[in-house]
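Lettering follows sequence order; numbering is per chain, from 1.
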Protein chains: 2
Amino acid sequence: MTPIFKKGYYFYVDGNVHIKRVTLREVAKAAGVSINTASRALNDKPAVSPYTKARVLEAAQRLGYRPNRLARALRYNKTRTLGVIVGDIANPYFSMLVRGVEQTAREFDYSVILQGTDEDLEREKEAIEVALAEQVDGILITPTQRSEEAIRTLFDSGTPFILMSRHFHDLETHYVIMDDQRGGFIATEHLIQRGHERIAILNGPIHISSAAERYAGYMEALQQYGLDVDDGLVIKGCLTMEDGYRAALSLIDGPNRPTAIFAFSDFVALGVFRAANELGIVIPDELAVVGFDNTIFGLCTRPPLSSVGGSPEELGKTAARFLLELLTGKRPNTVTRVKLPVYLVQRGST
Amino acid sequence: MTPIFKKGYYFYVDGNVHIKRVTLREVAKAAGVSINTASRALNDKPAVSPYTKARVLEAAQRLGYRPNRLARALRYNKTRTLGVIVGDIANPYFSMLVRGVEQTAREFDYSVILQGTDEDLEREKEAIEVALAEQVDGILITPTQRSEEAIRTLFDSGTPFILMSRHFHDLETHYVIMDDQRGGFIATEHLIQRGHERIAILNGPIHISSAAERYAGYMEALQQYGLDVDDGLVIKGCLTMEDGYRAALSLIDGPNRPTAIFAFSDFVALGVFRAANELGIVIPDELAVVGFDNTIFGLCTRPPLSSVGGSPEELGKTAARFLLELLTGKRPNTVTRVKLPVYLVQRGST
DNA sequence: TTGTATGCGTTATCAA
DNA sequence: TTGATAACGCATACAA
């Protein structure tokens with residue numbers, strides 16, 4: 001072992017930063033008591049005299065003692081940490097979701113380890129492995145759904161988890177999702193009632209349950225109102241603004257232009273606005289647009305964006321609360337399947 | 001100790017979920033070797049026969065062994081975890097920043113513990129305490145700057161940290177920021193060159209360095225071009241779209257309306273667009289707008305938003321990389337102060 | 001009321 | 001090549 005030397009701010013050992021931290025042992029020594037007396041004093045346990053307690057607390061304060069959550073976690077076999085795995089951290093939908101999760105976790109005094117998958121199966125598997133290796137107490141995940149494999153691994157690990165926003169039909173797991181089919185239906189119905197007959201859907205990747213179900217709702221509405229289905233108006237795989245932009249460009253330039261677009265998300269809808277702006281298409285006169293998620297971004301387009309709501313932040317909070325209740329035994333351990341209601345918010349874009 | 005019982009999916013002990021995890025000891029027993037032979041085999045250490053190694057690996061595979069990062073962290077006094085503390089997780093600027101951080105951390109095989117402060121000092125202090133208690137190896141933070149107190153505590157802890165996007169004048173810390181003064185200058189200069197003389201600034205809270213410096217740049221440009229300063233055109237405290245919306249409403253309705261607005265961020269600028277839309281103000285004819293950060297959201301407004309760039313994702317990546325290099329001794333431990341260049345992207349809004 | 005001893009899962013030292 | 005043992009920081013059963 002090479003000797004410890006100081007170099008600028010930090011201590012380095014073998015070229016690695018070494019942080020000197022105050023331990024319980026040092027506090028105990030400083031207060032002149034045993035290590036466990038110190039432990040009891042700091043944790044408000046009974047059987048410690050006021051005088052001793054005061055001395056310990058003073059010493060802890062003076063030395064800047066901070067309990068090591070790691071050691072505690074190892075002792076309790078509990079980390080008070082949640083693994084959170086989402087598709088894309090920078091996507092407004094997910095960042096609002098994460099915000100809700102983090103807020104609720106904090107209320108329960110839990111930490112959040114965040115990972116993004118970019119909707120890639122390998123990344124998803126890695127993220128799950130990392131979360132499990134970190135010994136998280138529970139996992140909240142929006143599965144890529146490219147395969148059930150990753151989630152089966154997660155299931156087999158025995159670590160409690162809840163799916164967010166998406167679910168599997170043939171896998172019995174906890175989940176919190178939106179009522180996507182209903183959402184697809186009311187968005188499409190609204191467009192039909194506004195007089196549209198050529199309604200395109202810029203859908204997400206169809207292996208994702210929310211996309212599949214919104215598509216089902218879309219089809220349901222078309223059928224119910226006796227409209228023909230045109231496969232040329234069904235676009236799949238849109239997740240980002242860029243995706244929406246490209247898809248809208250090709251639709252508008254295409255042979256049979258739609259008069260209305262139902263977008264997978266407000267984010268995708270923003271891409272539609274961008275395309276319409278560039279091509280000089282007037283919304284809603286020449287093209288009506290409905291988004292999904294009712295995010296605040298829909299308020300700043302011109303005209304403002306009609307959207308199917310549903311607050312992602314609320315979904316995150318709900319999922320986190322359910323998971324934490326599950327972890328603390330406050331929630332009966334039957335399968336929790338929650339479908340949050342959706343509603344249509346009409347604004348200028350339709 | 002009440003007995004362990006199964007209830008639905010998980011094991012519960014004393015009403016708490018108990019996850020059964022495979023330990024090294026069990027792998028060793030299954031392979032018929034000692035615990036440290038197993039450890040050496042799994043970690044590709046020398047001095048272990050091929051035959052033994054194969055047996056251990058097989059056992060680990062079969063039992064589904066996953067190394068416990070916690071125990072390893074305790075042993076090494078290193079968690080391979082970064083604490084990331086930002087103002088608002090759902091703010092597009094921060095979510096892109098976090099995306100960059102997470103990506104770089106992953107490349108270094110580090111995890112990220114994310115916390116938001118909502119720009120509140122108490123929350124910031126708590127977040128720092130939590131990160132330190134989690135024994136993170138380093139911290140990336142956008143300080144609220146409501147006081148130096150929190151950062152001083154962080155400094156005293158000895159845990160390496162880098163400020164992102166903001167910095168203190170009288171605190172010598174590592175930081176990675178944008179060239180905010182230059183950004184403020186070129187945004188204002190651009191508006192002046194477009195013929196504007198009544199230029200409002202919807203600035204962030206002035207205790208935040210980026211806001212203070214953009215303001216300095218704004219003033220510098222006004223002075224350089226011989227324009228008068230009107231305090232009524234200087235609005236402070238705008239961070240969200242909602243803030244931008246309200247400020248823009250009051251400015252437009254006010255006694256001496258500006259002909260141009262320089263917004264603290266694209267996010268704030270979106271609020272300006274919302275206000276303009278509602279009031280029927282035509283951008284850029286009646287009101288020119290420049291944002292900051294050059295996010296993709298500026299592409300979907302009508303007209304598209306001119307903005308001062310600077311990629312937040314790149315800033316996050318840079319800060320994370322510097323911190324990780326610092327932690328691994330790959331970077332000399334002198335104070336790292338980085339000012340990322342900015343440039344103006346002109347679009348339809350000016 | 002206080003202290004001693006043990007274990008959580010892992011890795012490192014050292015002896016066999 | 002392998003194994004017994006100690007240590008990381010903390011909490012607790014148990015003894016004093």
### Message
Once you apply a heavy-atom cut-off of 4.0 Å, does A:Tyr51 come out as touching a base, just sugar-phosphate, or nothing?
### Response
nothing
## Note on the structure
Exactly one of A:Thr142, A:Val112, A:Val136 clears side chain to side chain contact (heavy atoms under 4.5 Å, CB included) with A:Val84, and that residue is A:Val112
### Query
Is the shortest distance from a Lys or Arg side-chain nitrogen in A:Asp118 or A:Arg123 to a carboxylate oxygen in the other one below 4.0 Å?
yes
## Note on the structure
With the side chain defined as heavy atoms from C-beta on, B:Val48 is closest, among D:dC10, D:dT2, C:dG3, to D:dT2
### Task
Verify the contact: side-chain N or O of A:Thr37 to OP1 or OP2 of C:dG3, cut-off strictly under 4.0 Å; return yes or no.
yes
### Message
Check this for me: does the side-chain of B:Arg72 come within 3.5 Å of the base of C:dT10 through a donor and an acceptor?
### Response
no
### Minimum-distance nucleotide (side-chain atoms of A:Ser49 versus D:dG9, D:dT2, C:dT1)
C:dT1
### Query
What integer distance in Å separates A:Tyr76:OH from C:dC8:C1'?
12 Å
### Query
Are B:Thr52 and D:dT2 close enough that a side-chain N or O sits under 4.0 Å from OP1 or OP2?
yes
### Task
Between B:Asn68 and B:Arg40, just flag the one whose closest nucleotide in DNA chain C comes earlier from the 5' side.
B:Asn68
### OP1 or OP2 of D:dA11 under 4.0 Å from side-chain N/O of A:Ser39
yes
### Query
Within the structure, does a side-chain N or O atom of B:Lys45 lie under 4.0 Å from either OP1 or OP2 of C:dA12?
yes
#### Entry: For atom CZ of A:Arg55 and atom C1' of C:dG3, their distance in whole Å
14 Å
### Task
Rounded to the nearest angstrom, tell me the gap between atom CG in B:Asn77 and atom C1' in D:dC10.
14 Å
### Message
Taking B:Val176's backbone N and O only, do any of them form a donor-acceptor pair with B:Arg337's side chain (distance below 3.5 Å, no angle check)?
### Response
no
### Message
Just the rounded figure in Å: distance from C1' of D:dC10 to CD of B:Gln135.
### Response
11 Å
### Summary
Between CD1 of B:Ile35 and P of C:dG7 the distance, given in whole Å, is 13 Å
### Query
Checking all strands, does A:Leu24 fall into the base, sugar-phosphate, or nothing category for heavy-atom contacts under 4.0 angstrom?
sugar-phosphate
### Message
Looking at A:Glu26 and A:Arg62, is any side-chain nitrogen of the basic one under 4.0 Å from a carboxylate oxygen of the acidic one?
### Response
no
### Task
Start with the C-alpha gap between A:Ser111 and B:Glu134, add the side-chain angles, then the distance that decides, and say whether side chain to side chain donor-acceptor pair (under 3.5 Å) holds.
CA-CA 9 Å; A:Ser111 298; B:Glu134 295 274 9; 2.6 Å; yes
### Query
Rounded to whole angstrom units, what separation is found between the CZ atom of B:Arg66 and the P atom of C:dT10?
12 Å
### Integer-rounded Å distance: D:dA11 P and B:Leu74 CG
12 Å
### Task
Name the closest nucleotide to the B:Arg75 side chain, picking from D:dT2, D:dA11, C:dT10.
C:dT10
## Note on the structure
To the nearest angstrom, the CD-C1' distance between B:Glu26 and C:dT10 comes to 14 Å
